[in-house]
Structure formats: structure tokens, C-alpha cells
Amino acid sequence: MTFAQAAIYSLVGILVVFFALMLLMGVIKVLIAATDKTPEKAAAAPAAPAPEKPKALAPGTAGDIKLYDTDLRDAAMIMAIVADELKKPLNELRFISIREVK
């Protein structure tokens with residue numbers, strides 16, 4: 001096989017790969033367009049009653065916590081210790097209340 005033949009085979013191989021990638025990209029775009037809800041379609045569908053909106057929370061928070069006979073510093077320390085012992089990030093845990101046992 002000469003250098004010219006090898007270069008032609010390489011070029012054809014690269015073109016086949018790029019053609020397959022463009023074909024795959026076209027198929028993905030068609031599928032996205034087929035499953036995408038346009039505003040006209042969304043407006044035509046009957047609107048369900050909106051559920052009651054909860055109080056807006058900061059991203060990564062798990063809600064409110066009730067503290068009984070405990071100050072914020074101690075509560076933060078307890079939450080950090082529990083998260084460390086469980087080997088979980090603090091934003092994946094939900095504390096409902098913390099009460100000091102006397």
C-alpha cells in the first residue's frame with residue numbers, strides 16, 4: 001500500500017466518522033423537537049390548579065428548625081457533628097427540632 005492509498009483510506013474513514021456524528025446529531029435534534037412542549041401546546045392543555053406555594057428557601061436548605069432551650073451556636077455544632085458521624089453533607093440532612101436534655 002502506498003502513502004497515497006493510506007492517505008485516501010484515512011480521509012474516507014474520517015469522513016465516515018464525521019458523517020455518522022452529524023447523522024446522530026440530526027436524530028437527537030429531531031427527538032428533542034418531537035418531545036419539546038411549545039408554549040402553544042402548553043396553553044392548549046387544561047391548566048391544573050396551582051398547589052399552594054411553600055415559603056421560599058435558600059438553595060441547599062432543608063427547611064426550618066425549632067430550637068428548644070438551645071442557642072444557635074450549639075445547634076450548629078450538633079448538626080455539624082451529626083453530619084460528620086453520618087458521613088453525609090449537611091444539606092442532605094433535615095433537622096426538625098433540637099431540644100436540650102437536662
Side-chain angles (χ1 to χ4, degrees):
M1 181 182 320
T2 65
F3 180 77
Q5 287 177 329
I8 290 174
Y9 287 148
S10 297
L11 183 64
V12 169
I14 290 172
L15 290 176
V16 167
V17 169
F18 276 106
F19 177 74
L21 287 174
M22 285 192 287
L23 186 66
L24 183 62
M25 184 178 66
V27 168
I28 290 172
K29 286 189 180 215
V30 167
L31 289 175
I32 288 174
T35 59
D36 190 25
K37 287 192 174 187
T38 59
E40 296 86 34
K41 291 180 185 176
E52 186 176 317
K53 215 175 198 182
K55 186 171 54 171
L57 300 174
T61 61
D64 293 327
I65 183 169
K66 293 182 178 136
L67 301 178
Y68 301 101
D69 299 326
T70 307
D71 63 332
L72 287 176
R73 182 178 179 275
D74 292 338
M77 186 72 71
I78 291 168
M79 290 187 283
I81 291 170
V82 170
D84 185 57
E85 288 293 319
L86 293 175
K87 305 284 191 252
K88 288 200 170 252
L90 192 58
N91 64 346
E92 290 182 7
L93 300 176
R94 181 159 191 259
F95 295 90
I96 298 172
S97 67
I98 296 178
R99 181 184 313 255
E100 181 180 352
V101 179
K102 294 182 181 184

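Each residue takes its place number in the sequence, starting with 1. Note that the structure is predicted; figures quoted are calculated from it, not measured.
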(request) Measure the CG-CD1 distance between Leu11 and Ile14 for me, rounded to the nearest 0.5 Å. (result) 6.5 Å
(request) Could you tell me the separation between the CD1 atom of Ile8 and the OG1 atom of Thr2, rounded to the nearest 0.5 Å? (result) 7.5 Å
(request) Check Ile78 against Ile98 and note the closest heavy-atom contact, atom names and distance. (result) CD1-CG2, 4.0 Å
(request) Might you point out which heavy atoms bring Phe95 and Leu93 nearest each other, and give the distance in Å? (result) CE1-CB, 3.9 Å
(request) Decide if atom CG of Leu72 counts as having more than 12 heavy atoms of other residues, nucleotides or ligands within a radius under 6.0 Å. (result) no
(message) Rounded at 0.5 Å granularity, tell me how far CG in Asp69 sits from CZ in Arg99.
(response) 7.5 Å
(request) Looking only at non-hydrogen atoms, find the nearest pair between Asp74 and Asp71 and report the distance. (result) OD2-OD1, 2.6 Å
(message) In the structure I gave you, are the side-chain heavy atoms of Met79 and Ile65 within less than 4.5 Å of one another anywhere?
(response) yes
(message) What's the separation between atom CD1 in Ile81 and atom CG in Leu86, rounded to the nearest 0.5 Å?
(response) 12.0 Å
